[in-house]
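Everything below concerns the one structure shown next.
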Amino acid sequence: MPRETRHRQASSTAARPLASLLAHSTTSNELLPHLHQHALDVTGGSCSLLFQLNPRTGGLQATSGFGLDSLRTEPWLPGSDERALVADAFARRAPLLVADTGRQTPDLAARLGTPAALLLPLIRRGERVGLLVVGFEQPPDASDLDANAVEAADAFMTALELFHLRLADVLQRDVRALLEEFTASLSATLSLAAGLDIFCHGVNRLFAADRTTVWIHDRRARFLVLQASSDPSDIMRGARVAADDAAAPAAIAMRRSRAEILSASEDEVTATVTVPLRGCRRALGTIVFEGARVETGGEIDLLDRADELGRQLSSAIENMQLLEDVMRSRRELENTFDSISHLVAVSDTRGHIVHVNQAFATRVGRKREELINQPLADHVGPELGAWLERHKSSSAERHGDSAITIEVVDPVLKGPFMVTVTDLLNYDREPVGNVIVARDLTPQTRLEAEREELRKRLTQSEKLAALGQFVAGIAHELNNPLQGVLGHLELLRTTGAFPKQLRREVQVIYREADRAAKIVRNLLVFAGSRRLTLRSVSLNVVLQKVLALRTPAHRALGIEVVRHYDEKLPRVKSDPLLLHQVFLNMVMNAEHAIAATGKDGRIEIATSVAPSGDRIIATVRDTGVGIPEDTLSRIFEPFYTTKEVGKGTGLGLAITYGIVQEHGGQIIAANHPDGGAVFTVELPIAPSRTLKHD
């Protein structure tokens, strides 16, 4: 305040006691001029200057003055001699007179414009708060200053403490209102981003800022992410900066311990303020106020408010992140629980369901929420329920030391299961329920059946391979003499060089020799001595030729032939002659089975593509007598036949089996549920360009 206005304030100060001023002043700007005037009145000084200690830097900040031509608000950075004088004043806790400011405290002399000054330390509960400096045109008598000067300093100390408490109360109220709004948003949306947007708008009002942003630290990626902004159209939302970026204000501030005024505008009315967000053990991020209003001398109060806001928001963010971590962990556990294919149920000590996985709920046909708190015994079979009850009664004796297992076929759970029950233990290792895991044995049973089938096929193949080597040698040895016998008999028949009464006997000899030769040829085919001539063959065409060949026999036996052909059937890779023999054997066996019933019958032939798309399936089904169950496992063995002696060699199906196997396919015989037998042949589809077509 200029010197010429000082006397106008004196009368008002005298008119109003200090106690009344302290009680009724609403702002520091309203009270401090009166206190400065009072200090000058009781000390006889000409001007005064109030410094407040900045706890962040340890510097003295000029916050108000009286009787000065101008108030310099930059921090006072005393030289070594000046620091010694200031330290002495604080150490003595008493006024200190500087008789020659120009020599002893040149910086202070420049601020006051007086040759002498009185330093009055302001101390609260042993802590430095600030320094009141009174300037004098003429050095006063030090003996007359002590009591009055201390009283003036105490008035300033009381005023600063009062307004500090008032500001703290207002700050707490404002911050509490802002955080309540923030918390309400979190409760409604469980979204940290949405709550922070509301928070940024409130901070803008509280600090009169142009723009407020919140940056959240992603610890795994080591980035700061712009999570929220007071500007709804902020194009930077979602931007990232490296946590160790030395040029990013948000990254720099996160490593600090308290709020800072980072930069001020040219007129020093607004500034950029950064506030670190710190949790209990980690950095959470940064708040950045851009264009925050800074009152002259109000920097310390501004930073105190920012720090308090940062502490409160840090606590809220950390709690929300912990909640998100808990919820994420719970979702992961539930997903893991539901991903288990076995049936899992958790029950309490009463045997009531506490939790089940999706597989269990699906198997019993109920929703999970409907099963909670229901007796577990109501959702399993009686045998399993009784076993679980026995386990519950004995678990107290075993103290959860082991799990027990039972194999049971449960009608409620629909299948065979391997059930394991384990005690559910609390933190003190006391049993508080049971964990039941039921593993469905149906896939395992199916797999074992498939393995057994493969084992039988392998055994059959090994038998055929060993027998084939043996048969091939015998067939070659028999083939040459048989061809000689047939040749000479044919010559005798042609020339008639035998008596007429022996003609019938010779015919019988020729027929039986020819039959023996056919058996030898079949043995050679069975042994694999014939080299395959592979072509791209139409299976439908082969079947048509086979049926055309057997049409007269079908008419004679009263057999109806039903065809179910896939007209778009791909070709198969096969030797057409051997493939013809395969289906001819199967059709003739069907004829014999129907003839054995003494009734008319039906042969059904179907072709289709396998679901896998790489094989063709052909089935031949008859309505004959079927295959005895005790012979199904031996039906493809060589020389095994169910026909009468002299009507079959037992090589037909063995040869068929060998041909199909040699083509990379498989043949299966079974009885049809409606009667008769059904043979299924699977053959690989021919490649599109590598084989000749037939």
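For clarity, every value in this text was computed on a predicted model and none was experimentally measured.
Identified under the ring-ring contact (aromatic ring centres under 6.0 Å, His included) test for residues 305-364, with sequence neighbours left out: F337-H355.
Within 6.0 Å of the CZ atom in R240, the count of heavy atoms belonging to other residues, nucleotides or ligands does not exceed 12. Within 6.0 Å of the CD atom in E369, the count of heavy atoms belonging to other residues, nucleotides or ligands exceeds 12.
Expressed to the nearest 0.5 Å, how far OG of S315 lies from CG of L284 amounts to 9.5 Å. Note that CG of D107 and CZ of R111 are 5.0 Å apart. Values are rounded to the nearest 0.5 Å. Here the CD1 atom belonging to I216 is positioned 11.5 Å from the CE atom belonging to M320, to the nearest 0.5 angstrom. With rounding to the nearest 0.5 Å, the separation of OG in S48 from CZ in F136 is 10.0 Å. Expressed to the nearest 0.5 Å, how far OG1 of T422 lies from CD1 of I436 amounts to 8.5 Å. With rounding to the nearest 0.5 Å, the separation of CD in Q312 from CD1 in I317 is 12.0 Å.
Salt-bridge annotation for R311 and E308: present, with a side-chain N of the basic residue lying under 4.0 Å from a carboxylate O of the acidic one. We find that R83 and D88 are not joined by a salt bridge, their nearest charged nitrogen and carboxylate oxygen being 4.0 Å or further apart. The pair D245-R222 does not meet the salt-bridge criterion, since no charged nitrogen lies less than 4.0 angstrom from a carboxylate oxygen. Using a 4.0 Å cut-off between charged side-chain N and carboxylate O, R258 and D307 make a salt bridge. Using a cut-off of 4.0 Å between Lys/Arg side-chain N and Asp/Glu carboxylate O, D338 and R331 are scored as not salt-bridged. Of the charged side-chain nitrogens involved, none lies within less than 4.0 Å of a carboxylate oxygen, so that D325 and R330 do not count as a salt-bridged pair.
The side-chain heavy atoms of L50 and F66, taken from C-beta on, include no pair separated by under 4.5 Å. Taking 4.5 Å as the limit, every side-chain heavy atom of E290 sits out of range of all side-chain heavy atoms of T212. With contacts defined as side-chain heavy-atom distances shorter than 4.5 Å, the pair D231/T213 does not qualify. Considering only heavy atoms from C-beta on, M254 stays 4.5 Å or farther from P276 through its side chain. L309 has its side chain out of reach of R305: every pair of non-hydrogen atoms, C-beta onward, lies at least 4.5 Å apart. V133 is listed as a side-chain neighbour of L112, based on a closest heavy-atom distance under 4.5 Å. Using a 4.5 Å cut-off on side-chain heavy atoms (C-beta onward), W215 and Q227 make no contact. Side-chain contact between L302 and V273: present, with at least one pair of heavy atoms (C-beta onward) separated by less than 4.5 Å.
In summary, of the residues considered (K367, Q374, R368, R366), a side chain to side chain donor-acceptor pair (under 3.5 Å) with E370 occurs for R366 alone. Applying the side-chain contact (heavy atoms from CB on, under 4.5 Å) test between L97 and each of L118, L119, V134 identifies L118 as the sole match.
T286 and A253 make their closest contact through CG2-CB, 3.6 Å (heavy atoms, listed as atom of the first residue, atom of the second, distance). Among all heavy-atom pairs drawn from V275 and G310, the shortest one is CG1-CA, 3.8 Å. Residue F156 comes nearest to A39 through the heavy atom pair CE1-CB, 4.1 Å, listed as atom of the first residue, atom of the second, then distance. Shortest non-hydrogen contact noted between P121 and A89 is CG-O, 3.4 Å. What you find for L122 and A153 is that their closest heavy atoms are CD2-O, 3.5 Å. Nearest heavy-atom pair across A243 and A251 is O-CB, 3.6 Å.
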Residue pair Q52, T63: steps toward the side-chain hydrogen bond (donor to acceptor under 3.5 Å, both in side chains) verdict:
CA-CA 7 Å; Q52 287 183 251; T63 57; 3.2 Å; yes
**Study point:** Residue pair R124, M157: steps toward the side chain to side chain contact (heavy atoms under 4.5 Å, CB included) verdict
**Key:** CA-CA 8 Å; R124 178 180 60 229; M157 189 67 249; 3.8 Å; yes
Check your understanding: Do T272 and I261 pass the side chain to side chain contact (heavy atoms under 4.5 Å, CB included) test, and can you show the C-alpha distance, the side-chain angles, and the key distance before you say yes or no?
Key -> CA-CA 6 Å; T272 297; I261 297 177; over 6 Å; no
- Task: Would you please test L71 and L49 for side chain to side chain contact (heavy atoms under 4.5 Å, CB included) and show each step?
- Result: CA-CA 8 Å; L71 176 65; L49 184 58; 3.3 Å; yes
Review point. Run the side chain to side chain contact (heavy atoms under 4.5 Å, CB included) check on N434 and L424 step by step: do they pass?
Key: CA-CA 5 Å; N434 293 321; L424 178 66; 5.8 Å; no
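Classified by interplanar angle (parallel below 30°, tilted 30° to 60°, perpendicular above 60°), the ring pair F51/W76 is tilted.
At distances below 3.5 Å, at least one donor-acceptor pair connects side-chain atoms of N357 with backbone N or O atoms of I340. Remark: the backbone N or O of E430 is paired with a side-chain donor or acceptor of N426 at under 3.5 angstrom. Using a distance-only test at 3.5 Å, with no hydrogens or angles considered, a donor-acceptor pair links the side chain of D197 to the main chain of S229.
A side-chain N or O of R350 and one of N373 form a donor-acceptor pair less than 3.5 Å apart. For E137 and T114, the side-chain atoms include no donor-acceptor pair closer than 3.5 Å.
Every side-chain contact (heavy atoms from CB on, under 4.5 Å) that R125 has, sequence neighbours left out, goes to E161.
Taking the centre and axis of the six-membered ring of F207, the NZ or CZ atom of R293 falls outside the cone set by 45° and 6.0 Å.
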